[in-house]
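Read the structure below first, then the notes.
Residue numbers begin at 1 in each chain, while the letters A, B, ... track the order of the sequences. We use all heavy atoms of the structure for the numbers below, so side chains are in, but hydrogens, waters and symmetry mates are not.
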Amino acid sequence: MKIRHLHSWNISYHEAIEIQKALYPKLVFSNLSRSIRHIAGADVSCSKKSNNVWAGIVVLSYPSLKKVEEKWVKGITNFPYIPGLLSFREIPIILEAVKKLESNPDLLLCDGQGIAHPRVLGLASHIGLLIEKPTIGCAKKRLVGDFSEVGQYRGDCSPLFYKSREIGAVVRTKTNVKPLFVSPGYAITIKDAVKMVLNCGGRYRIPEPIRQAHLLVNKLRKRDASHEN
DNA sequence: GCGACAG
DNA sequence: ATCTTGTCGC
């Protein structure tokens, strides 16, 4: 997969914010163009006692959700976790895993926000700009935005607003389980983002592509941890 | 100054 | 996110 180089990753916190402001005008939210046949999910696992990180990408067929490929990479990160700047901690290692892909997914689901971000540039939006493919932000918690309580049943959702703009939706992906914060990353609408997330699971809270990536990177981290004994 | 705050 | 055991509920 081709990856655009839009800026350096060796930057200060202030520069990171300036990069987000500069990238914001490049975002687009078109309807999905080509049909979706393969969906990728990405996730990162971090070590507590070192700056080691593992990134995993799992590609599933759609709508059958069968695994067609998985790639991973181990690396390090020096950028700390700062709410609003997650991209600069996780995207570099995610891109290393993306580079290993042999298949060409039509859509990428990310663990984190899309445009539901103070500068409209959450991790999913940022990575979408870099790979020039549709992306969706699937966060387990709110970063910004206001919303009304969402119904208890799978499929129920409530719009998420920030500064008078609709930026995503709070989506019940499983009945009686905490909802997910879904927002477009890049090249997709809110409506399609919600639809695709709901079509990517049902049995679990987390959409299957991300859940599979999560299981993969956690397995890798724990395998390394036991190796040290 | 205070509270909020993706992973 | 990670660390960490049992426990409550569908």
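- Among the protein residues, A/Ser45 comes within range of the sugar-phosphate backbone only, with heavy atoms under 4.0 Å from sugar or phosphate atoms but none that close to a base.
- At a cut-off of 3.5 Å, with distance as the only test, a side-chain donor of A/Arg221 or A/Ser45 sits close to an acceptor on the other residue.
- The OH atom of A/Tyr81 sits 13 Å away from the P atom of C/dT2 (whole-angstrom rounding).
- Taking atom CG of A/Leu180 as the reference point, atom C1' of B/dA6 lies 11 Å away to the nearest angstrom.
- Among the nucleotides B/dG7, C/dC3, B/dC5, the one closest to the side chain of A/Pro83 is B/dC5.
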**Study point:** Pairing string, 5' to 3', for DNA chain C - Watson-Crick or wobble contacts under 3.5 Å, brackets [ ] where pairs cross, | to another strand
**Key:** ..........
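- The side chain of A/His117 approaches B/dA6 more closely than any other nucleotide in the set B/dA6, B/dG7, C/dT2.
- Taking all atoms of both residues into account, the shortest heavy-atom contact from A/Pro105 to A/Ser103 is CD-O, 3.5 Å.
- Pairing each heavy atom of A/Arg172 with each of A/Pro179, the nearest pair is NH1-CD, 3.5 Å.
- Within the cation-pi definition used here (under 6.0 Å to the ring centroid, within 45° of the axis), A/Arg211 qualifies as a partner of A/Tyr204.
- Rounded to whole Å, the distance from CZ on A/Phe147 to P on B/dA6 is 13 Å.
- Nearest-nucleotide assignment on DNA chain C puts the 5′-proximal partner with A/Ser47, out of A/Ser47 and A/Asn176.
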**Study point:** Secondary-structure string, 5' to 3', Watson-Crick or G-U under 3.5 Å, | for another-strand partners, for DNA chain B
**Key:** .......
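- The CZ-C1' distance, from A/Arg203 to C/dC10, rounds to 13 Å in whole Å.
- Rounded to an integer number of Å, the gap from A/Arg221 CZ to B/dG7 P is 15 Å.
- Put simply, CD1 on A/Ile127 and OG1 on A/Thr135 are 8.0 Å apart, with the number rounded to the nearest 0.5 Å.
- Side-chain N/O atoms of A/His126 and A/His7 include a donor and acceptor closer than 3.5 Å.
- With no hydrogens or angles considered, no side-chain donor-acceptor pair links A/Ser87 and A/Arg89 at under 3.5 Å.
- No hydrogens or angles considered: nothing links the side chains of A/Tyr62 and A/Asp106 as a donor-acceptor pair under 3.5 Å.
- Summarising the local packing, CZ of A/Arg34 is surrounded by more than 12 heavy atoms from other residues, nucleotides or ligands at distances under 6.0 Å.
- Residues A/Phe147 and A/Phe181 place their aromatic rings such that the two centres sit under 6.0 Å apart.
- In this structure, the CG atom of A/Leu109 is 15 Å from the C1' atom of B/dA6, given to the nearest Å.
- Across all strands, A/Asn218 comes closer than 4.0 Å only to sugar-phosphate atoms, never to a base (heavy-atom distances).
- A/Asp224 and A/Asn52 share no side-chain donor-acceptor pair at under 3.5 Å.
- More than 12 heavy atoms of other residues, nucleotides or ligands lie within 6.0 Å of CZ in A/Phe29, so this atom counts as buried by the packing criterion.
- Counting any heavy atom pair closer than 4.0 Å across all strands shown, A/Ile94 reaches no nucleic acid atom.
- Note: CZ (A/Arg89) to C1' (C/dA1) measures 8 Å, nearest angstrom.
- In this structure, CD of A/Gln20 is placed 12 Å from C1' of B/dA6, rounded to the nearest angstrom.
- Close to C/dC10, at under 4.0 Å from its OP1 or OP2, lies no side-chain N or O of A/Arg154.
- Taken residue by residue, residues 124-143 of chain A places heavy atoms nearer than 4.0 Å to DNA chain B at A/Ala139, A/Lys140, A/Lys141, A/Arg142, A/Leu143.
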